[in-house]
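In each ligand, atom 1 is the first atom listed, and ligand 1 is the first ligand listed. Scope of the values below: all heavy atoms of this structure, side chains included, with no hydrogens, waters or symmetry mates.
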Amino acid sequence: MKTRENPSSLILLFGATGDLAKRKLYPSLYNLFRKGNLSNRFAVVGVARRLKDDGEFRNWVRDSITTFGEKADNLEEFISHFYYQSHDVNDSESYKQLKELVDRLDHTYQLEGNRIFYLAMSPEFFGTVAEHLREDGLTNTNGFKRLVIEKPFGHDLASAIELNKRIRSAFKEDEVYRIDHYLGKEMVQNIEVIRFANAIFEPLWNNRYISNIQVTSSETLGVEERARYYDKSGAIRDMVQNHMLQIVSLLAMEPPIRLTTDEIRSEKVKVLRALRPVEGEAVHDYFVRGQYGEGIMNGSKVPAYRDEPNVPKDSNTETFVAGKFLIDNFRWAGVPFYIRTGKRMATKSTNIIVQFKDIPMNLYYKNGSTLNPNLLVIHVQPDEGITLHLNVKKTGEVLGTTPVKLNFSTKSIDGINTPEAYEKLLYDCLRGDATNFTHWDEVALSWRFVDNISEVWTNEQADFPNYAAGSMGPKAAEELLEKDGFFWWPVNF
Ligand SMILES: NC(=O)C1=CN([C@@H]2O[C@H](COP(=O)(O)OP(=O)(O)OC[C@H]3O[C@@H](n4cnc5c(N)ncnc54)[C@H](OP(=O)(O)O)[C@@H]3O)[C@@H](O)[C@H]2O)C=CC1
Ligand SMILES: O=C1O[C@H](COP(=O)(O)O)[C@@H](O)[C@H](O)[C@H]1O
């Protein structure tokens with residue numbers, strides 16, 4: 001057991017009866033516990049409005065783990081650390097009671113005043129809760145205090161600034177852990193290692209050798225039960241402002257001088273500062289939006305976005321975005337970074353394809369044949385690994401070449417499933433490592449970029465739907481690359 005090196009902590013979880021807590025947070029915490037990555041000195045206080053006592057709450061947590069996680073022998077021991085308070089976060093009086101409970105558990109479990117406040121609830125409450133935590137003395141502690149905050153962090157730059165002000169009235173920047181769960185994914189974390197630990201890639205990682213980079217994050221699911229949130233957000237705010245721009249930052253950043261949180265984040269910030277703004281009419285040249293119509297998926301008919309529950313029949317919200325980013329610095333001048341993401345697409349897949357430039361001259365030219373470009377594919381999900389596409393001699397021929405793939409899969413080397421993103425991020429937070437959480441500067445710069453696009457799209461009614469559920473998005477997304485002489489490589493290439 002590694003428990004001794006892990007700090008004790010009380011985890012105060014707001015939104016304890018919600019979907020995220022049930023599907024991700026309890027199973028992840030339990031995984032940490034059963035692997036010895038959570039100190040035995042911990043307690044979880046769940047907060048939500050629903051009336052429950054500790055026993056009912058523990059049943060809820062147990063159910064969530066047996067349904068969505070992996071069960072093991074010490075599940076009951078784990079669950080005995082859970083407590084519940086029924087509490088409306090707008091009700092000022094409840095925080096006093098909460099403080100009493102927290103102080104009592106602090107003493108019982110010898111938690112040394114260490115506190116993690118996790119806001120797994122609708123963003124409209126983030127500011128209110130943070131302020132109450134300060135006003136009612138919950139943040140007044142001798143141990144560490146950390147605020148984990150779910151996305152979305154604001155709806156645009158102005159609302160993000162406002163929210164940040166409220167949060168910062170109670171927590172310092174280095175106490176705020178803004179979750180972007182893509183930063184917890186194994187292969188997203190691997191981008192830095194692939195780049196900075198391999199002599200064969202680092203010297204080529206620039207505009208002299210790379211022609212373009214493509215990042216695809218396609219989903220097969222539709223909007224599900226989340227239309228009330230999603231229809232006000234759309235894919236640009238839901239996926240591009242955070243996950244896609246984070247991936248682009250990691251792909252484009254300069255090597256940090258050392259692997260500290262501040263150094264890594266500051267290199268990512270520089271990329272976001274170097275993003276060429278896309279505004280006004282240029283939005284139409286650089287970005288494509290789409291909304292799914294009805295279609296066939298897995299042999300069954302699925303409805304159009306506008307026919308999903310709680311979606312207005314004339315919704316102008318995009319469920320698909322493709323875009324081209326240009327990064328105006330010495331390393332990347334002239335190299336397009338293409339991204340696309342959408343719901344109800346043909347396949348669930350996230351991957352990154354780095355396309356290298358053609359060699360200066362083809363010695364193996366035969367009957368009009370061309371050499372395939374070298375590609376480095378980083379498979380983020382569902383498979384995790386990398387594939388390097390090369391050309392080799394075609395056996396038995398003098399001039400013939402054939403493409404081959406060198407494959408690495410994390411499963412083949414580790415033989416186990418890599419931990420779920422939330423498990424890694426919770427672990428980082430417990431240890432006080434904020435590297436894989438987004439700094440305020442990253443959030444602000446991302447909104448600044450995205451706001452220009454949203455503004456144009458909000459003011460123009462789109463001709464939706466423009467792609468069928470089960471396809472890879474609208475035709476205009478293909479044309480975005482074709483006009484630059486490229487095409488989207490297949491996602492599972
Ligand atoms: N679900 C997911 O997969 C993902 C979610 N997120 C983010 O996580 C956050 C939570 O999402 P999700 O779990 O899906 O949301 P849910 O709507 O499922 O859960 C909301 C939670 O907040 C509680 N709640 C609502 N109003 C109040 C109130 N006034 N006072 C106290 N508690 C309240 C609800 O409990 P009760 O009704 O009992 O009060 C419930 O526990 C959001 O920011 C979302 O964007 C991010 C990525 C993925
Ligand atoms: O943050 C979000 O991400 C999910 C996709 O996450 P993944 O880990 O399954 O790729 C997306 O469905 C959701 O709309 C968005 O809010």
Side-chain angles (χ1 to χ4, degrees), residues 12-28 45-52 56-57 60-61 64 68 84-95 98 118-129 132 148-155 163 178-188 215-247 305 308 310 317-321 341-345 347-351 379-382 384 420-422 424-425 438 491:
L12 189 48
L13 177 61
F14 291 87
T17 53
D19 180 70
L20 181 73
K22 183 175 63 178
R23 285 194 306 112
K24 301 285 185 192
L25 303 183
Y26 301 136
S28 297
V45 176
V47 173
R49 286 168 307 181
R50 252 159 273 190
L51 285 176
K52 281 184 195 295
E56 286 165 329
F57 180 50
W60 171 276
V61 175
S64 107
F68 298 103
Y84 185 77
Q85 177 167 311
S86 167
H87 167 139
D88 186 320
V89 294
N90 296 311
D91 170 14
S92 315
E93 287 309 302
S94 308
Y95 291 88
L98 195 56
Y118 198 126
L119 308 190
M121 60 191 323
S122 167
E124 68 185 278
F125 300 119
F126 293 168
T128 307
V129 176
H132 272 298
V148 184
I149 194 156
E150 270 297 337
K151 61 167 287 223
F153 197 93
H155 180 75
L163 171 60
R178 298 179 193 82
I179 291 249
D180 182 314
H181 78 280
Y182 269 53
L183 295 181
K185 292 186 191 279
E186 183 65 17
M187 291 309 294
V188 173
V215 184
T216 299
S217 189
S218 57
E219 294 187 71
T220 48
L221 290 178
V223 69
E224 307 267 276
E225 310 298 315
R226 297 171 68 215
R228 282 197 187 86
Y229 150 74
Y230 192 86
D231 198 63
K232 292 199 189 77
S233 166
I236 191 96
R237 293 187 176 94
D238 187 51
M239 292 292 290
V240 179
Q241 183 271 339
N242 37 67
H243 312 318
M244 304 306 272
L245 275 170
Q246 283 294 320
I247 292 179
Y305 176 71
E308 301 272 20
N310 301 313
T317 300
E318 76 287 349
T319 59
F320 173 97
V321 174
T341 180
K343 294 204 180 281
R344 283 285 191 229
M345 292 175 67
T347 177
K348 167 79 182 166
S349 171
T350 301
N351 74 13
H379 307 274
V380 176
Q381 60 186 14
E384 292 177 338
E420 149 76 36
Y422 273 97
K424 283 200 257 177
L425 295 174
T438 41
V491 281

Query raised in the report: Are Tyr229 and Asp238 close enough that some pair of their side-chain heavy atoms sits under 4.5 Å apart?
Result: yes

Query raised in the report: Counting only heavy atoms not in Glu225, do more than 12 fall under 6.0 Å of its CD?
Result: no

**Report entry** Heavy-atom nearest neighbour in the protein, as seen from atom 28 (C) of ligand 1, with distance rounded to 0.1 Å
**Finding:** Arg49 CD, 3.5 Å

Query - Lys151 side chain near His243 side chain, heavy-atom distance below 4.5 Å - result: yes

Report task. May I ask you to test the Val129-Val47 pair for a side-chain heavy-atom distance under 4.5 Å? Result -> no

Requested in this report: Tell me which protein heavy atom sits closest to atom 48 (C) of ligand 1, plus the residue, atom name and distance to 0.1 Å.
Outcome: Leu20 CD1, 3.9 Å

Query raised in the report: Is Met244 close to Val215 at the side-chain level, that is, under 4.5 Å between some pair of heavy atoms?
Result: yes

Requested in this report: Report yes if Gly18 has an N/O atom closer than 3.5 Å to an N/O atom of ligand 1; otherwise report no.
Outcome: yes

Query raised in the report: Should Pro152 be listed as contacting ligand 1, given a heavy-atom distance under 4.0 Å as the test?
Result: yes

Requested in this report: Heavy-atom distances under 4.0 Å are what count here, so tell me which part of Ala120 touches ligand 1: side chain, backbone, both or neither.
Outcome: backbone

Query raised in the report: Looking only at heavy atoms of Phe125, does any of them come nearer than 4.0 Å to an atom of ligand 1?
Result: yes

Query raised in the report: What atoms of ligand 1 come closer than 4.0 angstrom to any heavy atom of His87?
Result: 30 (N), 31 (C)

Query raised in the report: Starting from atom 29 (N) of ligand 1, which protein heavy atom do you reach first, and at what distance in Å?
Result: Asp88 OD1, 3.1 Å

Query - For Ala16, the ligand 1 atoms whose distance to one of its heavy atoms is below 4.0 Å - result: 41 (O)

Query raised in the report: For atom 3 (O) of ligand 1, which protein heavy atom lies nearest, and how many Å away is it?
Result: Arg23 NH2, 2.7 Å

Query raised in the report: If you measure from CZ on Phe153 to CZ on Phe126, what distance do you get to the nearest 0.5 Å?
Result: 8.5 Å

Query raised in the report: Would you say Ser122 and ligand 1 have an N/O pair spaced under 3.5 Å apart?
Result: no

Query raised in the report: Between Lys424 and Glu186, is there a side-chain N and carboxylate O pair less than 4.0 Å apart?
Result: yes

Query raised in the report: Please state which protein non-hydrogen atom is closest to atom 42 (C) of ligand 1 and give its distance, to 0.1 Å?
Result: Met121 O, 3.4 Å

Query - Thr438 backbone acceptor or donor facing Arg178 side chain under 3.5 Å - result: yes

**Report entry** Heavy-atom nearest neighbour in the protein, as seen from atom 6 (N) of ligand 1, with distance rounded to 0.1 Å
**Finding:** Glu150 OE1, 3.8 Å

Query raised in the report: Under 3.5 Å, N or O to N or O, is Val89 touching ligand 1 that way?
Result: yes

Return a table of N or O atom pairs, ligand 2 on one side and protein on the other, at distances under 3.5 Å, rounded to 0.1 Å.
from     : atom 1 : to     : atom 2 : distance (Å)
ligand 2 : 1 (O)  : Lys151 : NZ     : 2.9
ligand 2 : 1 (O)  : His243 : NE2    : 2.7
ligand 2 : 6 (O)  : His181 : NE2    : 3.2
ligand 2 : 8 (O)  : His181 : NE2    : 2.8
ligand 2 : 8 (O)  : Lys185 : NZ     : 2.6
ligand 2 : 9 (O)  : Lys348 : NZ     : 2.7
ligand 2 : 10 (O) : Tyr182 : OH     : 2.5
ligand 2 : 10 (O) : Lys348 : NZ     : 3.0
ligand 2 : 10 (O) : Gln381 : NE2    : 2.7
ligand 2 : 12 (O) : Glu219 : OE1    : 2.6
ligand 2 : 12 (O) : Glu219 : OE2    : 3.1
ligand 2 : 12 (O) : Lys343 : NZ     : 3.2
ligand 2 : 14 (O) : Arg226 : NH1    : 2.9
ligand 2 : 14 (O) : Asp238 : OD2    : 2.6
ligand 2 : 14 (O) : Lys343 : NZ     : 2.9
ligand 2 : 16 (O) : Lys151 : NZ     : 2.7
ligand 2 : 16 (O) : Arg226 : NH2    : 3.1
ligand 2 : 16 (O) : Asp238 : OD1    : 2.7
ligand 2 : 16 (O) : Asp238 : OD2    : 3.4

Report summary line: So NZ of Lys22 and CH2 of Trp60: to nearest 0.5 Å the spacing works out to 5.0 Å

Query - N or O contact, Val47 vs ligand 1, cut-off under 3.5 Å - result: no

Report task. Counting heavy atoms only, name the option from Glu224, Lys151, His181, Gln85 that's nearest to atom 45 (O) of ligand 1. Result -> Lys151

Query raised in the report: Atom CG of Leu25 and atom CD of Glu150: how far apart are they, to the nearest 0.5 Å?
Result: 7.0 Å

**Report entry** Any side-chain heavy-atom pair of Val188 and Gln246 under 4.5 Å
**Finding:** no

Requested in this report: Among all protein heavy atoms, pick the one closest to atom 47 (C) of ligand 1 and tell me residue, atom and distance.
Outcome: Tyr422 OH, 3.9 Å

Query raised in the report: Is there side-chain contact between Val89 and His87, with at least one heavy-atom pair below 4.5 Å?
Result: yes

Report summary line: Correct closest heavy-atom pair for Thr341 and Ser217 would be OG1-O, 2.9 Å

Query raised in the report: When you measure from atom 14 (O) of ligand 1 to each heavy atom in Leu13, Asp19, Asp180, Thr17, which option holds the nearest one?
Result: Asp19

Query raised in the report: Is a side-chain N or O of Gln85 found less than 3.5 angstrom from the main chain of Ser94, in a donor-acceptor match?
Result: yes

Query raised in the report: Take atom NZ in Lys232; do more than 12 heavy atoms of anything else shown fall under 6.0 Å from it?
Result: no

Report task. Check whether any protein heavy atom sits under 4.0 Å from atom 39 (O) of ligand 1. Result -> yes

Query - Asp231-Thr317 side chain donor-acceptor pair, cut-off 3.5 Å - result: yes

Query raised in the report: Which protein non-hydrogen atom lies closest to atom 21 (C) of ligand 1, naming both residue and atom, and how far is it?
Result: Gly15 CA, 3.5 Å

Query raised in the report: Got an N/O contact under 3.5 Å between Arg226 and ligand 1?
Result: no

